[in-house]
There are 2 protein chains.
Amino acid sequence: MLSEAERRCAERQVRLTPQRRRVLEVIADRHGAIGAYEIIARLGEGRSRPAPISVYRALDFLMAQGLVHRLASLNAFIACSGPDRAHGAQFLICRGCGVIGELNDASVEAAIGRAAAAAGFAVAAPLVEVTGLCRSCRTSDAPA
Amino acid sequence: MLSEAERRCAERQVRLTPQRRRVLEVIADRHGAIGAYEIIARLGEGRSRPAPISVYRALDFLMAQGLVHRLASLNAFIACSGPDRAHGAQFLICRGCGVIGELNDASVEAAIGRAAAAAGFAVAAPLVEVTGLCRSCRTSDAPA
DNA sequence: GCCCCACCTGTTACACTATAACATAGCGAA
DNA sequence: TTCGCTATGTTATAGTGTAACAGGTGGGGC
Ligand SMILES: [Zn+2]
Ligand SMILES: [Zn+2]
Ligand SMILES: [Zn+2]
Ligand SMILES: [Zn+2]
């Protein structure tokens with residue numbers, strides 16, 4: 001995953017500096033979403049704690065490269081599960097266990113495109129965040 | 001619109017108190033999204049400025065009744081354009097002029113439902129916020 | 001080699017968004 | 001009337017994100 005990021009940045013002629021790389025590592029370590037200030041806390045564990053702006057700048061970079069997504073409904077960030085191709089962000093957020101799945105379903109994107117086009121709207125960045133229950137939480141959460 | 005809200009609250013046996021009603025008025029006046037602190041400022045124009053928590057409580061109420069939606073990607077609130085039926089929130093947000101359209105397209109919701117079901121995920125609250133350019137901004141924004 | 005420019009990072013301070021905890025007030029039903 | 005629920009007020013604080021400016025780094029052209 002990290003090496004994939006290296007490759008991608010080299011290809012794009014942008015610099016995955018140590019600091020940006022550390023931020024990406026922290027995000028990827030966590031399997032799930034992580035808040036910006038938790039990233040700051042993790043980075044500050046050994047060394048000196050970076051200022052918020054530093055981490056936000058790294059996050060901006062990583063998002064621009066498509067390596068990280070922002071979850072607007074959680075104010076949190078998550079590593080992209082398949083940074084190979086360009087894609088809008090589609091997420092399934094389990095409110096039981098907090099696990100997050102990245103979808104990127106073409107039919108969803110197509111339906112959004114059609115509906116937007118019908119309104120004369122040109123889509124730039126579709127954002128889909130679905131709250132609900134994942135498979136395991138759904139079964140363990142059997143109705144009384 | 002306000003009378004529709006009155007009716008809906010009466011039907012549900014919940015109270016659209018003066019304060020909640022004023023918050024709804026401020027949101028509806030603005031055709032578009034409005035931030036919580038701007039609502040506070042507007043409400044404080046004549047009278048004494050309410051505390052943030054008061055407005056947030058009113059917003060929670062209005063959202064629970066389906067009269068207002070929250071736009072997670074903007075940290076802002078908007079009056080529901082068709083509060084009659086229950087619906088997930090689907091929005092088209094123009095980054096040119098800031099105008100916001102509420103979609104609620106059944107095919108989009110269906111596509112999300114299908115994709116989620118394929119992952120074993122039970123949808124509770126689908127959130128769709130599409131950034132792009134509205135019809136008029138798209139034409140006026142002709143490439144150089 | 002040297003300079004210049006573009007990019008990256010640090011520092012400080014601040015703006016914006018949202019909630020916790022506890023006290024008070026209104027309102028209707030038993 | 002009195003109880004209990006809901007709504008509101010008060011105060012303080014937590015959480016999230018940027019502005020503005022200074023300093024550092026590194027590579028390419030001279
Ligand atoms: Zn992704
Ligand atoms: Zn779950
Ligand atoms: Zn609506
Ligand atoms: Zn527009």
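Residue numbers begin at 1 in each chain, while the letters A, B, ... track the order of the sequences. Just so it is clear, the structure is predicted and the values come from calculations on it, not from any experiment.
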K.L.:
Does B:E38 or B:R15 map to a spot on DNA chain C nearer the 5' end, using the closest nucleotide for each?
P.N.:
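In this pair, the answer is B:E38.
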
K.L.:
For the pair A:E4 and A:R7, find out whether any cationic side-chain nitrogen is under 4.0 Å from an anionic carboxylate oxygen.
P.N.:
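Between A:R7 and A:E4 there is a salt bridge, with a charged N closer than 4.0 Å to a carboxylate O.
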
K.L.:
To the nearest angstrom, how far is B:D60 atom CG from C:dT17 atom C1'?
P.N.:
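The distance from CG of B:D60 to C1' of C:dT17 comes to 13 Å, rounded to the nearest Å.
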
K.L.:
Can you measure B:Y56 atom OH to D:dG15 atom P for me and round it to whole angstrom units?
P.N.:
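It works out to 15 Å between those atoms.
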
K.L.:
Quick one, B:R57 with B:R20, criterion side-chain contact (heavy atoms from CB on, under 4.5 Å). Give me CA distance, side-chain angles, the key distance, then yes/no.
P.N.:
CA-CA 9 Å; B:R57 287 196 279 228; B:R20 290 167 173 174; over 6 Å; no

K.L.:
What is the distance from CZ of B:F77 to C1' of C:dC16, rounded to the nearest Å?
P.N.:
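The answer, rounded to whole Å, is 13 Å.
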
K.L.:
Do the side-chain N or O atoms of A:Y37 get closer than 4.0 angstrom to the phosphate oxygens (OP1, OP2) of D:dG15?
P.N.:
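Looking at the OP1 and OP2 atoms of D:dG15, neither is under 4.0 Å from any side-chain N or O of A:Y37.
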
K.L.:
Side-chain N or O of A:N75 versus OP1/OP2 of D:dG15: is the shortest distance under 4.0 Å?
P.N.:
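So the side-chain polar atoms of A:N75 never come under 4.0 Å of the phosphate oxygens OP1 or OP2 of D:dG15.
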
K.L.:
Hey, are A:Q65 and A:R8 close enough side-chain-wise for a donor-acceptor pair under 3.5 Å?
P.N.:
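No donor-acceptor contact under 3.5 Å links the two side chains.
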
K.L.:
Nearest-Å distance, CD1 (A:I39) to P (D:dG15)?
P.N.:
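Going from CD1 in A:I39 over to P in D:dG15 covers 16 Å.
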
K.L.:
Hey, does the side chain of B:S54 come within less than 4.0 Å of D:dT8's phosphate (OP1/OP2), counting only N and O?
P.N.:
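No, outside the criterion.
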
K.L.:
Answer yes or no: is there a side-chain heavy-atom contact under 4.5 Å between B:T131 and B:C94?
P.N.:
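Result no, sub-4.5 Å side-chain heavy-atom pair not found.
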
K.L.:
Could you check B:L127 against A:V130 for side-chain contact (heavy atoms from CB on, under 4.5 Å), going step by step and ending with a plain yes or no?
P.N.:
CA-CA 6 Å; B:L127 180 159; A:V130 183; over 6 Å; no

K.L.:
Quick one: label B:R57 by what it contacts on the DNA or RNA (base, sugar-phosphate, nothing), any heavy atom closer than 4.0 Å.
P.N.:
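Base contact.
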
K.L.:
State whether the side chain of A:Q90 and the backbone N or O of A:D105 hold a donor-acceptor pair below 3.5 Å, judged by distance alone.
P.N.:
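A pair under 3.5 Å: yes.
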
K.L.:
What residues in residues 88-101 of chain B put a non-hydrogen atom under 4.0 Å from any atom of DNA chain C?
P.N.:
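DNA chain C contact set from residues 88-101 of chain B: none.
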
K.L.:
Between B:S48 and B:F61, which has a closest nucleotide on DNA chain D that is more 5'?
P.N.:
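Result: B:F61.
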
K.L.:
If the cut-off is 4.0 Å, is A:R70 near the phosphate of D:dG17, judged by side-chain N/O to OP1 or OP2?
P.N.:
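Yes, such a contact exists.
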
K.L.:
Let me know the distance between CG of A:L16 and P of C:dC7, rounded to the nearest Å.
P.N.:
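Rounding to the nearest Å, CG of A:L16 and P of C:dC7 are 17 Å apart.
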
K.L.:
Quickly work out the B:Q19 CD to C:dG26 C1' distance and round it to whole Å.
P.N.:
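Taking atom C1' of C:dG26 as the reference, CD of B:Q19 is at 13 Å.
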
K.L.:
Charged N to carboxylate O below 4.0 Å: is that the case for A:R42 and A:E45?
P.N.:
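A salt bridge links A:R42 with A:E45.
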
K.L.:
CE of B:M63 versus C1' of C:dA18: gap in Å, rounded?
P.N.:
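These atoms are roughly 11 Å apart.
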
K.L.:
Given that B:I53 and B:R20 both sit by DNA chain D, which one's nearest nucleotide is further toward the 5' end?
P.N.:
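This one resolves to B:R20.
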
K.L.:
Between atom CD1 in A:I40 and atom C1' in C:dT9, what is the gap in whole Å?
P.N.:
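Rounded to the whole Å, the gap is 15 Å.
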
K.L.:
From the list D:dG9, D:dA7, D:dT10, which nucleotide is the closest neighbour of the side chain of B:A51?
P.N.:
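Looking only at side-chain atoms, B:A51 lies closest to D:dT10.
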
